[in-house]
Each structure stands twice: as C-alpha cells, then as structure tokens.
Novice: 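First, the structure itself, so that you have it in front of you.
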2 protein chains.
Amino acid sequence: MFQLDFKSGVPICDQIVNGFIKLKALGVLKGGDQLPSVRALASKFSVNPNTVQKSYAILENSGIIYSVKGKGSFMSDDETAANAVLESARLEFMAAVRHANDLGLDVDEMINLIKQNSTTKEDGDK
Amino acid sequence: MFQLDFKSGVPICDQIVNGFIKLKALGVLKGGDQLPSVRALASKFSVNPNTVQKSYAILENSGIIYSVKGKGSFMSDDETAANAVLESARLEFMAAVRHANDLGLDVDEMINLIKQNSTTKEDGDK
DNA sequence: TCGCTGTACCAATCATAATAGTACAGTTAT
DNA sequence: ATAACTGTACTATTATGATTGGTACAGCGA
C-alpha cells in the first residue's frame with residue numbers, strides 16, 4: 001500500500017487517486033481485485049471517509065475502478081481506462097517538459113536527466 | 001511580455017514569477033534591464049499591486065531580480081541565480097518524470113515524447 | 001434482522017490566493 | 001522644497017478549495 005504525505009501540499013484525495021493508479025501500473029493490483037472499503041481506508045490513513053469517497057468517485061468516473069453498493073470497490077479490468085490514464089500522463093508530462101523548457105532546461109539535458117534516473121534505479125534502488 | 005491565464009488555477013503571482021524567469025531564459029530580458037513598476041504591471045494585468053509586489057519579492061529572494069527603493073526593479077546579472085533556477089527546474093522536472101513513471105509511462109516513451117515535441121517545434125512553431 | 005458496503009448530502013473549518021486600502025521610505029526632476 | 005514616481009510594509013477582507021464532521025439512505029450477504 002502507498003503512503004500519504006500530509007505536508008506536501010498535494011490534496012489528500014489526489015494522493016489516494018494516484019496511489020491506486022500507481023498500484024495498478026505496477027501490477028500490484030489487477031483487474032477484479034477488491035479495494036479497501038471507504039471507511040477502512042479512511043481509518044487506516046486517519047482521514048475523513050468523505051475524502052476517500054471523493055477519491056473513489058474520481059477513480060470510478062475515470063473507469064479505473066468500479067463500485068457496487070453493499071459489496072465494495074474493485075479494480076476495473078477495462079483496458080480503455082488504463083489507456084486513458086496513459087494518455088493523461090503523456091499530456092501532463094508534456095506540460096512539465098514545456099515548463100522546464102521555459103525555465104531554461106534544454107531538450108538534451110532533459111533526456112540526460114531521464115537516462116541518469118533510470119540507470120541509478122538499476123544500480124542501487126531498494 | 002507574457003500573458004496571464006486567470007482560469008488556469010495557477011496562482012497569479014506564480015505566473016508572473018515564471019513569466020519573468022522565462023523572459024530571462026529566452027534572453028528577452030538581460031541583466032540590468034528594468035522591469036515594469038509594481039503599479040504599472042498591476043494596472044496592465046488588471047490585478048492588485050500587492051499581487052505583483054509578492055511576485056517581485058519572490059524573484060528578489062531568489063536573486064533573479066534586485067529592487068531599489070525609489071528607482072525600480074531590475075534583472076540581476078548574477079549567474080548564481082540563473083543556476084539556482086536551472087537546478088530547481090531539474091528537480092521539478094525529475095519529480096514530473098517520477099510521477100509519469102508512476103502512472104505507467106516508461107523512460108523510452110518519455111524520451112520519444114520530448115524528441116517529438118522538439119521536432120514539431122522546429123517545423124511549425126512561430 | 002444485523003452488519004457491512006457505497007453514496008449523498010450539508011454545514012463548519014482551515015488554508016491560501018487575491019483584493020482593498022493606507023502608509024512610509026527612497027529617488028528623480030522641476 | 002515640492003511633486004511624482006519608485007519599492008515596501010502592514011492590516012483587514014473576500015473568495016475559493018480542501019478537508020472535516022455528522023447524518024442519512026440504499027444495496028448486499030450471512
């Protein structure tokens with residue numbers, strides 16, 4: 001399970017949404033897997049159930065999970081949703097590239113930074 | 001001069017800060033160039049002078065500009081400040097890379113996206 | 001029926017951005 | 001000296017969004 005960073009400034013509900021998207025991308029959660037209940041996750045993270053519910057609503061509207069009253073919330077196995085996530089990730093990434101470019105970072109250095117990051121991961125991460 | 005996007009959700013003062021950093025990175029403004037006065041820029045953008053003043057204070061604390069009471073605000077020609085901006089841009093960019101990775105975007109695709117973007121810019125942008 | 005699940009409200013709280021207004025200090029030119 | 005500009009410093013207020021707290025309803029399963 002993922003962690004929350006309460007002092008990061010990133011809204012809690014966004015962190016929860018991204019947390020489950022990440023677990024899906026990593027293969028930790030697969031289609032059909034059940035998510036914690038709204039109340040259970042709220043208790044675990046010591047946040048308000050409404051906040052978790054909001055996150056689940058966002059995830060369901062995106063097609064990433066589906067919820068059944070009385071049963072629970074489950075990871076969707078719809079590939080369309082995963083593709084939508086990828087597409088939004090592309091758009092978000094391109095915005096970051098443009099912003100970095102505005103701040104004076106050129107394309108070659110960005111590529112170098114990415115490559116460095118991936119190699120350091122291979123070497124000594126966890 | 002840059003534009004403000006009031007419906008983007010990005011705080012006005014941040015947009016102003018980034019706007020001047022961009023103008024510096026692009027070489028439009030160089031060390032010693034005078035910035036518009038707080039009141040003039042506020043009037044031009046139809047925002048509150050306090051908002052502009054906040055932006056200028058951020059820029060001055062970062063060493064990107066320097067202000068003299070009664071005279072005005074000017075672009076700094078201190079390379080240290082520019083380097084600090086570049087370094088923060090690197091950190092910010094790496095955070096975006098990690099986030100995109102969390103969402104399932106792999107390193108190769110990010111590099112391809114950057115290269116595509118730079119080539120399309122050469123082709124048909126302004 | 002009981003206990004769990006998701007869902008839907010609404011009001012209150014908290015933090016931050018932005019506004020509005022005023023005042024003070026330094027520079028420049030007349 | 002005066003006027004008109006510059007940056008700077010406050011305080012108070014408004015607006016917005018995230019979060020919380022609480023309650024209520026609806027569906028599922030033992």
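First the proteins, then the strands, lettered A, B, ... as listed; each starts at 1.
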Novice: Using a 6.0 Å cut-off, check whether atom CD of A/Glu87 has over 12 heavy atoms from anything other than its own residue.
Specialist: yes
Novice: Please confirm whether the shortest side-chain N or O distance from A/Thr51 to OP1 or OP2 of D/dT19 is below 4.0 Å.
Specialist: no
Novice: How many whole angstroms separate atom CZ of A/Phe74 from atom P of C/dT5?
Specialist: 11 Å
Novice: By nearest heavy atom, map A/Pro49 and A/Val68 onto DNA chain D; which one lands nearer the 5' end?
Specialist: A/Pro49
Novice: With a non-hydrogen cut-off below 4.0 angstrom, is B/Gln15 in contact with a base, only sugar-phosphate, or nothing?
Specialist: nothing
Novice: Do A/Leu91 and A/Met94 pass the side-chain contact (heavy atoms from CB on, under 4.5 Å) test, and can you show the C-alpha distance, the side-chain angles, and the key distance before you say yes or no?
Specialist: CA-CA 5 Å; A/Leu91 292 176; A/Met94 289 315 299; 5.9 Å; no
Novice: Can you measure A/Ile65 atom CD1 to C/dG6 atom C1' for me and round it to whole angstrom units?
Specialist: 10 Å
Novice: Answer with yes or no whether B/Asn50 presents, from its side chain, a donor or acceptor under 3.5 Å of a partner atom in the base of C/dG21.
Specialist: yes
Novice: Name the orientation class of the two ring planes belonging to A/Phe93 and B/Phe93 (parallel below 30°, tilted from 30 to 60°, perpendicular beyond 60°).
Specialist: tilted
Novice: By nearest nucleotide on DNA chain D, pick out whichever of A/Gly70 and A/Arg39 is the more 5' one.
Specialist: A/Arg39
Novice: Would you kindly give the CD-to-P distance between B/Glu60 and D/dT6, to the nearest whole Å?
Specialist: 16 Å
Novice: Examine the side chains of A/Gln15 and A/Ser8 and answer whether a donor and an acceptor come within less than 3.5 Å of each other.
Specialist: yes
Novice: Taking only the side-chain nitrogens and oxygens of A/Ser37, find out if one of them lies under 4.0 Å from OP1 or OP2 of C/dT5.
Specialist: yes
Novice: Please determine if a side-chain N or O atom of B/Gln53 lies less than 4.0 Å away from the OP1 or OP2 oxygen of D/dT8.
Specialist: yes
Novice: Using a cut-off of strictly less than 4.0 Å, decide whether A/Lys71 has a side-chain nitrogen or oxygen near OP1 or OP2 of C/dG6.
Specialist: no
Novice: Compare the minimum distances between each of C/dA23, D/dT19, C/dT19 and the side chain of B/Asn48, then state the nucleotide with the smallest one.
Specialist: C/dT19
Novice: Tell me whether the OP1 or OP2 atom of D/dT6 has a side-chain N or O from B/Ser67 closer than 4.0 Å.
Specialist: no
Novice: Nearest to the side chain of A/Tyr56, heavy atoms from C-beta on, is which of D/dT19, D/dG7, C/dG6?
Specialist: C/dG6
Novice: Rounding to an integer number of Å, can you tell me how far A/Lys69 NZ sits from D/dG27 P?
Specialist: 6 Å
Novice: Could you tell me the separation between the CD1 atom of A/Ile12 and the C1' atom of D/dG21, rounded to a whole number of Å?
Specialist: 16 Å
Novice: How long is the straight-line distance from CE of B/Met75 back to CG of B/Leu59, given to the nearest 0.5 Å?
Specialist: 7.5 Å
Novice: NZ of A/Lys54 versus P of D/dT20: gap in Å, rounded?
Specialist: 11 Å
